[in-house]
Amino acid sequence: MKAIQQQTKARAEAGQGLIEYAIILILVGIAVVAIVSLMQPAVGDVFSRFVAQAPVAPPSLLNYTPPPTFTSTPTIDPNATNTPVPSNTPVSSNTPIPANTVAPSNTPTPSNTPSPTPCAVPNNSHTVSGSNTRVQMEDFRCGGAGVAFSDQNDGGPGSGSYRSDAGSEGPDLENTSDSGGGYNVGWTRDGEWIEYEINAPSTDSYAFIIRYASTNGNNPQLQIRTTSVDYGYQENTGTISVGTTGGWQNWANHTAVVTLFQGKNIVRFNITNDNGNFNYFDIQPFTPTATPTPITPTATTPPTNTPVPTNTPAPVTITLYSNSSHDGYVRETNRTSNVGGNTNTNLDTIYVGDDGSRRQHIGFISFDTSSIPTNATIVSVQLRLRQQSTSRTPFGDNGLGSLFADIATFNGFSGDYGLVSGDFQAPAASNNVILLPEPSGDGAWSEGNMNAGFFGLINRDDFTQFKIHFESGDDGDNRTDMFYFYSGNSGQGSRPELIITYVVP
């Protein structure tokens, strides 16, 4: 019995040991799992770095994908005070900017801009009316330097109190002893100009009677340019030589023919040579003085597609060719003489322009117009010149300006139709009666029409002679600027032509 009890006790003790061993194993397993869980990120990180730095990955690790990198989360102390993270705090919109804030250095400080000086001559726009309209030279248009005038600083007094809008930089004015008193423009120099606003009742030629004075040894020359404000048309006179009067206050008149356009015109006086005084200019209707028979010109030619009534005479058109024995050119003796020198009548070409010595060349052509009946009414006149060639294209603002034709008195420029050196400076019956445009190229024609106001200067008893010249005789560049056109010595298809249409009652 005792043995059985001891045996049962031994079994009980053995079973109790097994339970305790199992409990210990479970606890150890739990501890291992916990340790592995805690150590897994660190081990993975070490393993990953080992793989990355290994020269050659072991074959068994080639396809190994490391676990995500562990990012530690900072432990927040529940008793700690929250420290705010600094941030850009915007300035509240209602915070006023200090009144004494300095403007940036590149911002200009506003200044008081002076208002333009009002025009000292409120009625400086002149209207042509009646038989005579006088324009005082001191009553030039408003606008200031570069707009109404260009005056050099040459020691003159400026415009004074009379033209306070122009001031000391304006055209030089002085008291004049000429009849009517007032002021005259003086101290003029080459390159200066002055403008006037002129309103004309119609487009026509007008006589400008220029009141001037100059001492001996001076040869004042000017050009007058007219620009239509409404239409943009423009006309220029040739060089106008007024001559000397023997003293700065010895006054005389010089008449020039100037085109004015209907409406408002800007008339510019360009000083091109020497010094002169100018008091005023009168504007009068222009009437040609060399009219052999009374003629009432009309510039209206019956349209070619309109049948002429049986009781109206049909217009007659004739084409005249220049006379070879009269044609040629005259060369200036020197660039400042304004006097003719060498002549040439034997070439097939006529030269017009300036040469390398700045000497002007002027062409001359004449036509036998005696076949026009004395009782005929001329309705159109056209002059045609055929270009042979050019040298540096003298036309336009960069050359010698526009090309013009002056017309001679009935006995020629020097009392004879034959070409002589004196024709160069001989006066014309009227200047710039035809404006000749630039041809399109060699072999092309320059064709210009005569204004109806000059038809009476066509000589029906003999020859009609023309002087061909540019607006400016010299552009100052010491280079040849020449227009060459065929003369009467050339072939029939190239000679200068004068085409006249007239009707006989």
Side-chain angles (χ1 to χ4, degrees), residues 317-333 340-356 359-372 381-395 400 403-426 428 433-448 450 458-459 461-470 473 480-500:
T317 299
I318 58 174
T319 299
L320 306 173
Y321 300 97
S322 66
N323 186 286
S324 60
S325 62
H326 299 164
D327 286 1
Y329 67 86
V330 181
R331 186 181 68 186
E332 189 177 17
T333 55
N342 292 343
T343 64
N344 196 312
T345 62
N346 299 320
L347 297 179
D348 292 341
T349 308
I350 295 177
Y351 299 3
V352 177
D354 69 357
D355 60 18
R359 292 174 297 185
Q360 184 180 8
H361 292 58
I362 294 179
F364 294 86
I365 52 178
S366 61
F367 302 86
D368 185 355
T369 51
S370 61
S371 62
I372 301 174
V381 176
Q382 183 184 64
L383 178 63
R384 303 179 76 229
L385 306 178
R386 190 178 187 189
Q387 175 175 300
Q388 185 187 65
S389 62
T390 62
S391 175
R392 298 185 65 250
T393 308
F395 291 84
L400 300 172
L403 184 67
F404 291 103
D406 300 346
I407 192 168
T409 56
F410 281 177
N411 55 353
F413 280 102
S414 295
D416 189 280
Y417 301 110
L419 190 63
V420 296
S421 60
D423 289 345
F424 186 96
Q425 67 269 20
V433 297
I434 299 175
L435 171 65
L436 293 157
E438 180 178 6
S440 59
D442 293 350
W445 292 84
S446 174
E447 301 173 337
M450 181 183 289
I458 300 295
N459 188 0
D461 296 325
D462 210 336
F463 289 91
T464 298
Q465 190 177 29
F466 294 94
K467 178 188 295 187
I468 312 300
H469 64 91
F470 277 100
T480 299
D481 304 281
M482 205 75 71
F483 169 55
Y484 305 101
F485 64 92
Y486 291 99
S487 73
N489 293 304
S490 60
Q492 183 77 3
S494 298
R495 293 157 57 186
E497 297 178 357
L498 189 69
I499 302 174
I500 299 177

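Residue indices begin at 1 and follow the sequence shown.
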Suppose we screen for side-chain contact (heavy atoms from CB on, under 4.5 Å). Which residues come up paired with [X], at least two apart in sequence or across chains?
X      : result
Asp348 : Asn489, Ser490
Thr317 : Ile499, Thr501
Ala405 : Leu383, Ile434, Leu436, Phe466, Ile468
Asp462 : Tyr417, Asn459

Is the closest side-chain donor-acceptor distance between [X] and [Y] under 3.5 Å?
X      : Y      : result
Arg495 : Ser322 : no
Thr343 : Ser421 : no
Gln387 : Asp442 : yes
Glu497 : Thr319 : no
Asp416 : Ser414 : no

Test ring-ring contact (aromatic ring centres under 6.0 Å, His included) on Tyr351 and Phe483 and set out the steps. CA-CA 6 Å; Tyr351 299 3; Phe483 169 55; over 10 Å; no
Test side-chain hydrogen bond (donor to acceptor under 3.5 Å, both in side chains) applied to [X] - qualifying residues, sequence neighbours left out:
X      : value
Tyr486 : none
Ser325 : Asn323
Glu447 : Arg384
Thr333 : Ser337

Taking side chain as C-beta onward, heavy atoms only, is [X] less than 4.5 Å from [Y]?
X      : Y      : result
Asn344 : Asn342 : no
Tyr484 : Ile350 : no
Phe410 : Asp461 : no
Phe404 : Leu435 : yes
Arg386 : Trp445 : yes
Ile500 : Ile372 : yes

For [X], give me all partners under salt bridge (Lys or Arg N to Asp or Glu O under 4.0 Å), at least two apart in sequence or on another chain.
X      : result
Asp355 : Arg359
Glu438 : none
Asp406 : none
Arg331 : none

Taking all heavy atoms of [X] and all of [Y], pick out the closest pair and write down the distance.
X      : Y      : answer
Phe367 : Tyr321 : CD2-C, 3.5 Å
Asp354 : Met482 : O-CE, 3.4 Å
Ser324 : Gly488 : CB-O, 3.4 Å
Val330 : Val420 : CG2-O, 3.7 Å
Ile365 : Asp327 : CA-OD1, 3.3 Å

Look at the rings of His361 and Tyr329 and say which category their plane angle falls in: under 30° parallel, 30 to 60° tilted, over 60° perpendicular.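 Tilted, since the angle between the ring planes falls between 30° and 60°.
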Gap separating the [atom1] atom of [X] from the [atom2] atom of [Y], nearest 0.5 angstrom:
X      : Y      : atom1 : atom2 : value
Phe485 : Leu385 : CZ    : CG    : 5.0 Å
Thr369 : Ile318 : OG1   : CD1   : 8.0 Å
Leu419 : Thr345 : CG    : OG1   : 6.5 Å

Compute the ring centroids of His326 and Phe463, then answer whether they are less than 6.0 Å apart.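 Yes; Phe463 has its ring centre under 6.0 Å from that of His326.
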Could you tell me if the ring centre of Phe424 sits under 6.0 Å from that of Phe413?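 No, the ring centres sit 6.0 Å or more apart.
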Evaluate Phe395 against Leu400 for side-chain contact (heavy atoms from CB on, under 4.5 Å), listing each step before the verdict. CA-CA 6 Å; Phe395 291 84; Leu400 300 172; over 6 Å; no
Main-chain N/O of Ala426 paired to Lys467 side chain as donor or acceptor, under 3.5 Å: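 Looks like yes, one N/O pair under 3.5 Å.
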